[in-house]
Structure formats: structure tokens, C-alpha cells
Amino acid sequence: MSKPSIPQGTRDFGPEVVRKRQYIFNTIRSVFELYGFQPLETPAMENLETLMGKYGEEGDKLIFRILNNGLDNTGKHQQAREDFEKVLEGKNVKGITERALKYDLTIPFARYVAMNQGQLTFPFKRYQIQPVWRADRPQRGRYREFYQCDADVVGSKSLLNELELVNIYEEVFVKLGIADYELRINNRKILAALAELCGGADKMIDITIAIDKLDKIGIDKVKEELAQRGLNEEQITTIEKYLNITGNNREKLELIKTLIGHLETGSKGIEELEYVINNNQIQNQRSPIIIDFTLARGLNYYTGIIFEAKAPPAVKMGSIGGGGRYDDLTGLFGVPNMPGVGISFGVDRIYDVLEELKLFPEGVYTGTQVLFFNLGPAESITAFSAMQSLRNQGVRCELYHEQAKMDKQFKYAEKKNIGFVVIIGSQELLNNTAVVKNLKTGVQESMALANLSNKLFI
RNA sequence: GAGGUUGUAGCUCAGUUGGUUAGAGCGCUAGAUUGUGGUUCUAGAGGUCGAGGGUUCGAGACCCUUCAUCCUCCCCA
């Protein structure tokens with residue numbers, strides 16, 4: 001038999017890692033709840049047609065499709081063969097595959113809103129923390145199965161939502177100890193105005209894809225790519241002028257006004273940015289919101305303000321969260337005029353940041369608080385009973401599974417990072433006492449069994 | 001989809017131009033220590049050298065195939 005393995009790009013999470021991940025999830029969840037968002041879960045799989053065509057041509061290729069069951073049914077062989085021929089031509093055929101693993105949380109959410117619009121109270125604020133799957137080639141920080149943490153508000157055009165989402169970023173990252181993250185902000189309307197200035201709205205996608213890479217490949221390569229994508233020299237010069245805007249937020253806003261302020265979309269976009277910057281309610285903010293006109297974000301359904309949270313410069317991790325506003329989330333599912341705005345946290349990267357900066361709190365590692373030693377048949381029963389009364393008080397305990405030398409039981413406690421051991425041996429049994437030892441300090445004390453429940457095992 | 005890297009003990013890795021019986025550290029088990037962990041010392045277990053084929057008197061090493069892995073590009077979180 002060959003060694004067992006797991007599919008490419010997937011991971012097992014051992015106890016310690018799960019604890020750390022849950023710490024992140026719980027922190028994010030508690031903030032979402034604090035801001036009035038409600039939980040939503042959708043199935044791991046969706047109908048293939050729900051997902052196809054929503055993520056662009058590349059995206060479609062990365063959707064994991066699920067093979068239909070029953071293809072080996074002899075009566076249907078002929079049909080299955082014909083259908084498979086079509087699959088070989090790159091088509092999707094219901095006879096072969098009609099379901100797929102979900103690719104993100106946004107489209108299933110849109111599908112849910114479209115299906116349940118009659119029952120929902122708008123604006124609908126939901127958060128969703130679930131795994132998604134992509135048939136991408138795995139590499140550093142990229143997996144085929146990973147979790148997304150999204151919060152969206154749909155059914156509201158108010159920029160108050162943007163202000164709230166900015167505060168959510170701040171609150172989550174401060175709670176996690178990543179106070180020196182950077183929140184960058186831009187507006188798709190400004191990018192649209194830039195495209196307009198460069199001769200056509202149809203250029204917008206080309207422009208955003210190219211300038212989104214600026215910090216990765218540099219201005220020269222971006223210009224190259226723009227040329228490759230069919231922009232002429234004059235247009236590229238305009239874009240370069242746009243990308244060269246620097247200064248503090250106020251200076252940037254003044255400069256952008258001279259460039260695209262005369263265009264309707266442009267001035268609207270600038271206005272929205274000013275609103276968010278000027279009304280930001282974050283108290284004692286350590287790192288201010290940075291207007292970054294080079295921020296583009298790949299997803300094309302964004303139409304307004306866009307966000308990107310960057311890890312502290314010290315860790316070179318890049319983006320740890322992102323989001324933005326969209327005008328029409330559910331139009332593809334037959335429900336028009338449903339605007340919304342949402343953000344997302346990149347849990348795997350946040351994990352790496354916390355690990356690298358050693359920001360996980362000490363308490364994350366401890367599961368069991370107290371280990372009861374097993375020093376004999378009668379001793380273990382007394383220990384069991386004492387343990388149960390501690391458990392009834394909410395103290396996390398376990399009893400060593402079999403009689404063994406103390407040496408071994410100590411090592412077990414140490415490995416499991418258990419802070420306290422309770423020793424009940426033959427002497428303690430006679431006296432109705434127990435020895436409690438703090439493994440971190442090495443201090444131990446003897447006490448009456450009855451007093452054990454008064455002890456604080458912290 | 002394109003290109004590259006690495007596969008040797010549970011883990012991290014040595015292993016010379018191809019040469020006897022494949023090593024180290026950590027971990028594991030036992031003992032020194034019959035009621036006190038972390039330190040130390042001693043002993044022990046543990047390998048189809050990723051898999052299959054080839055070259056050779058002889059392959060962990062060279063060649064081919066295959067699988068896995070990690071990384072880069074495209075794209076994305």
C-alpha cells in the first residue's frame with residue numbers, strides 16, 4: 001500500500017494550528033457581530049451554471065467541477081460518450097457535470113440574496129466564513145482549498161457603510177495586534193474617469209490590470225504592458241501622470257482634481273473619497289487611511305470605493321484584506337438595482353503575519369488546564385471524582401489514561417502544555433488531600449481534596 | 001496553461017569522481033531515578049534511499065519514465 005496523502009494544495013490543520021486559526025476567526029467574527037452583521041452559510045457546491053461566467057475566462061477554468069454520479073449506468077453509456085466528446089471540446093455538459101465547488105463567497109451570496117429577496121430585510125448585512133476551492137496551481141500562500149471571511153452590506157448606497165467597514169478593519173487588526181497595517185483606498189470611478197480620459201471606457205479593464213501590478217513590476221514594465229494592451233503613447237503618458245501623483249491625501253486629492261475633476265464620473269469618485277477620509281470615525285488611529293490611486297483590484301464588479309489592507313511593511317506579506325463597492329451584485333441572477341459594499345480578510349496571510357511577528361497570545365496554546373495523575377486503581381477513581389467536580393466548574397481537565405511512572409505523566413503534561421498537575425497518590429488518598437503543582441513555576445502545594453475546587457488554575 | 005527546484009529514519013538534513021554493512025542532530029522507547037517534569041548520561045528501536053525501468057562487475061549517486069513537493073510566471077486570496 002502506498003503512503004496516504006491529501007490532494008494537492010490542501011492542508012491538514014493540527015490541534016495547535018486549529019487553535020490559532022480559530023483565534024483569528026473568532027476575533028473577526030466578534031467584530032462582524034458587533035457591527036450588526038448576521039452569519040450566512042451556503043453549500044460547498046453550487047450548480048455549475050450559477051458559477052460559470054462570473055469570474056472571467058480565467059476564473060471559469062479554475063472552478064472545480066464535480067463529475068456526475070451514475071455515468072457507468074450501462075443504459076446511458078452512449079449518451080455519456082457523446083456528452084464527453086463535447087467536454088473534450090471545452091463545453092460544459094449537464095450530462096457529465098452539473099455541480100461545482102464554490103469559488104468564492106460573493107457569488108453564492110448574490111445567488112442567495114436573489115433567491116430570498118422577498119424574505120430579507122434590507123439593507124442586509126451578512127458575514128460568511130467558509131472554505132472555497134480553486135483549481136489553481138498551488139504556491140507560496142496559495143492553496144486549492146482556503147477560507148474566506150467576507151462581510152457585505154447589500155441594499156444600501158450610503159457611504160456610511162464604507163465608514164463602518166473601515167472601522168471594522170481597524171478594530172480587527174488592532175485586536176489582533178497588527179496595528180501598523182496600512183489601509184489603502186481608491187475609487188473605481190476615478191479609474192473609470194482615467195479610462196475615459198484615455199479614449200474609452202472599454203480600456204478600463206486593460207488599464208486596471210496593468211496598473212494593479214505597479215508595486216510588483218515597476219513603472220516601466222507597466223508602461224510596456226499598457227502598450228501591449230493597445231494603448232498609444234499619449235494615453236500612456238496620461239496614465240503615467242496619474243500614477244505619479246504623490247503627497248499626503250489632501251495633496252493627492254487636489255492633484256487628481258486637476259487631472260480628472262472635470263469629468264462627471266471623476267468628480268463623483270473624488271467626492272466619495274473625500275467623504276470617507278473626512279468623516280472617518282476611528283479613534284486613536286495609529287496608521288491613517290492612505291489614498292492610493294494605483295490601487296485597482298482585479299475584480300471587475302467593483303464600481304465605487306475599493307479597499308486593500310496591507311500587512312505591516314516589516315513582514316513583506318502584501319495584501320491581507322480587500323473589498324469594495326458594487327452597483328449591481330444580483331443583476332446576473334435576475335434581481336437588478338441591488339447595490340452593496342463588502343470587505344474580506346485573508347486568513348492564511350494574517351496567520352503568517354501573526355506567526356512572523358509572534359503576536360499569538362499565550363493563551364491560544366493551552367487546551368487542558370489540569371492533568372490528574374494516575375497512580376493506581378483506587379487513586380485514579382478518587383482523582384476521577386475530583387476531576388469531575390472541577391469539570392463541573394468549567395475547568396478543562398484530563399486524567400492520565402493508565403497507571404504510569406510520574407516521570408512519564410509529567411512529560412505528557414509538559415508536551416501538551418498543561419499548566420497544572422494534581423497528584424493523588426497513596427499518601428494523599430489516606431489524608432484526603434491532593435498535591436497541586438504549577439508546572440510553569442515549579443511550585444507545589446498540598447491541600448484538602450475538598451478545597452481543590454477553590455483553586456484557580458490560571 | 002508555461003518554466004524551474006527538491007524527494008535519503010517520525011522531523012530537519014549529510015552522504016566525496018559510482019565501491020564493503022547508508023549516517024548526524026532532534027524526536028521516540030528503555031535505563032541511571034520504586035513519589036516529582038524541563039538539564040545530563042547510557043543503551044535501543046526505527047530505511048524497499050519517492051516509484052518503475054535502464055547503464056554497470058557494482059547505483060542513494062549516472063540515464064529514461066512516472067508520481068509527489070516547493071517555487072516563479074499567468075491569474076488571484
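Model, not experiment: these values are computed from the prediction. Each chain gets a letter, A, B and so on, in the order the sequences are listed, and its residues count up from 1.
- Across B:A77, B:C75, B:A30, the shortest atom-to-atom separation from the side chain of A:Lys408 is found for B:A30.
- Atom CD1 of A:Ile209 and atom P of B:C75 are 6 Å apart (whole Å).
- As judged by a 4.0 angstrom heavy-atom cut-off over every strand, A:Gly442 is placed among the base-contacting residues.
- At a threshold of 4.0 Å, the pair A:Glu46-A:Arg99 does not count as salt-bridged, since none of the basic side-chain nitrogens sits closer than that to a carboxylate oxygen.
- The base of B:U36 sits with one of its N or O atoms less than 3.5 Å from a complementary donor or acceptor on the side chain of A:Gln444.
- A:Glu379 comes within 4.0 angstrom of no nucleic acid atom, judged by non-hydrogen atoms across all strands.
- Comparing B:U39 with B:C28, their P atoms are spaced 10 Å from each other, to the whole Å.
- Taking atom CG of A:Asp136 as the reference point, atom P of B:U72 lies 12 Å away to the nearest angstrom.
- Per the geometry, CG belonging to A:Leu371 stands 17 Å off P belonging to B:U36, to the nearest Å.
- Classification of A:Lys416 and A:Glu398 as a salt-bridged pair holds, one side-chain N sitting under 4.0 Å from a carboxylate O.
- As judged by a 4.0 angstrom heavy-atom cut-off over every strand, A:Gly141 is placed among the base-contacting residues.
- Across the P atoms, B:G10 and B:U29 are found 15 Å apart, a figure rounded to whole Å.
- Donor-acceptor pairing under 3.5 Å, judged by distance alone, is present between the side chain of A:Glu428 and the base of B:G35.
- Between A:Lys213 and B:C75 there is a side-chain polar atom (N or O) within less than 4.0 angstrom of OP1 or OP2.
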Go through A:Tyr302 and A:Asn186 one step at a time and tell me if the side-chain hydrogen bond (donor to acceptor under 3.5 Å, both in side chains) criterion holds.
CA-CA 11 Å; A:Tyr302 290 131; A:Asn186 193 11; over 6 Å; no
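- Aromatic ring centroids of A:Tyr35 and A:Tyr127 lie 6.0 Å or more apart.
- Of the possible donor and acceptor atoms, none in the side chain of A:Thr433 sits under 3.5 Å from a partner among the backbone N and O of A:Leu449.
- In this structure, A:Ile6 atom CD1 and B:A68 atom C1' are separated by 12 Å, rounded to whole Å.
- Residue side chain A:Arg142 reaches the base of B:C75 through a donor-acceptor N/O pair under 3.5 Å, judged by distance alone.
- B:U34 and B:A30 are spaced 14 Å apart, taking the P atom of each and rounding to whole Å.
- Nearest nucleotide to the A:Arg349 side chain, out of B:C75, B:A77, B:U36: B:A77.
- If you take atom C1' in B:C75 and the same atom in B:U6, they sit 25 Å apart, rounded to whole Å.
- Taking the side chain of A:Ile423 as heavy atoms from C-beta on, and the options B:C75, B:G37, B:U36, the nearest nucleotide is B:U36.
- Applying the 5.5 angstrom centroid cut-off and the 30 degree plane-angle cut-off, the aromatic ring of A:Phe410 is not stacked upon the base of B:G38.
- The OH-P distance, from A:Tyr412 to B:C28, rounds to 14 Å in whole Å.
- Within 4.0 Å of A:Ser344, counting heavy atoms only, lies no atom of the nucleic acid at all.
- Taking A:Asn161 as the reference, A:Val153, A:Ser156, A:Ser158, A:Arg325, A:Val341 meet the side-chain contact (heavy atoms from CB on, under 4.5 Å) condition, with sequence neighbours excluded.
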Which string of ( ) [ ] | and . matches RNA chain B, if you list each base 5' to 3' and count Watson-Crick or G-U pairs only when both distances are under 3.5 Å?
((((.((..((((.....[...)))).(((((.......))))).....(((((..]....))))))).))))....
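- Taking the charged nitrogens against the carboxylate oxygens, A:Glu225 and A:Lys213 do have a contact shorter than 4.0 Å, which makes a salt bridge.
- Put simply, the side chain of A:Asn280 never gets that close to the backbone of A:Val276: no donor and acceptor are under 3.5 Å apart.
- Between A:Ser426 and A:Lys440, the one whose closest nucleotide on RNA chain B sits nearer the 5' end is A:Ser426.
- Contact check for A:Phe373 versus A:Val421: side-chain heavy atoms found under the 4.5 Å cut-off.
- Nucleotide B:C76 holds its P atom 18 Å from the NZ atom of A:Lys54, rounded to whole Å.
- Between A:Gln8 and B:A68 there is no side-chain polar atom (N or O) within less than 4.0 angstrom of OP1 or OP2.
- Nearest nucleotide to the side chain of A:Arg134, out of B:C76, B:G35, B:G37: B:C76.
- A:Tyr143 comes within 4.0 angstrom of a nucleotide base, judged by non-hydrogen atoms across all strands.
- Taking the P atoms as reference points, B:G46 lies 15 Å from B:A9, given to the whole Å.
- Here B:G37 is the nucleotide among B:G37, B:A77, B:G3 with the atom lying nearest to any side-chain atom of A:Lys411.
- When heavy atoms are screened at a 4.0 angstrom cut-off, A:Ile320 is found touching no nucleic acid atom at all.
- Using a 4.5 Å heavy-atom threshold, the side chains of A:Phe372 and A:Leu390 count as touching.
- To the nearest whole angstrom, the two P atoms, one in B:G25 and one in B:G50, are 22 Å apart.
- As rounded to whole Å, 15 Å separates atom C1' of B:C41 from atom CG of A:Asp407.
- Taking side-chain N and O atoms only, A:Lys405 has a distance below 4.0 Å to OP1 or OP2 of B:G31.
- A straight line from CZ of A:Arg11 to P of B:C70 spans 11 Å, rounded to a whole angstrom.
- Within the 4.0 angstrom heavy-atom criterion, no nucleotide atom of any strand lies near A:Lys61.
- Counting only N and O atoms by type, the side chains of A:Tyr301 and A:Asp327 include no donor and acceptor under 3.5 Å apart.
- Under 4.0 angstrom from either OP1 or OP2 of B:U72 there lies at least one side-chain N or O belonging to A:Gln139.
- Rounded to the nearest Å, the gap between the C1' atom of B:U42 and that of B:U33 is 13 Å.
- In terms of position along RNA chain B, the nucleotide closest to A:Arg137 lies nearer the 5' end than the nucleotide closest to the other residue of the pair A:Val435 and A:Arg137.
- Across B:A24 and B:C64, the matching P atoms stand 33 Å from one another, rounded to whole Å.
- Close to B:C73, at under 4.0 Å from its OP1 or OP2, lies no side-chain N or O of A:Lys221.
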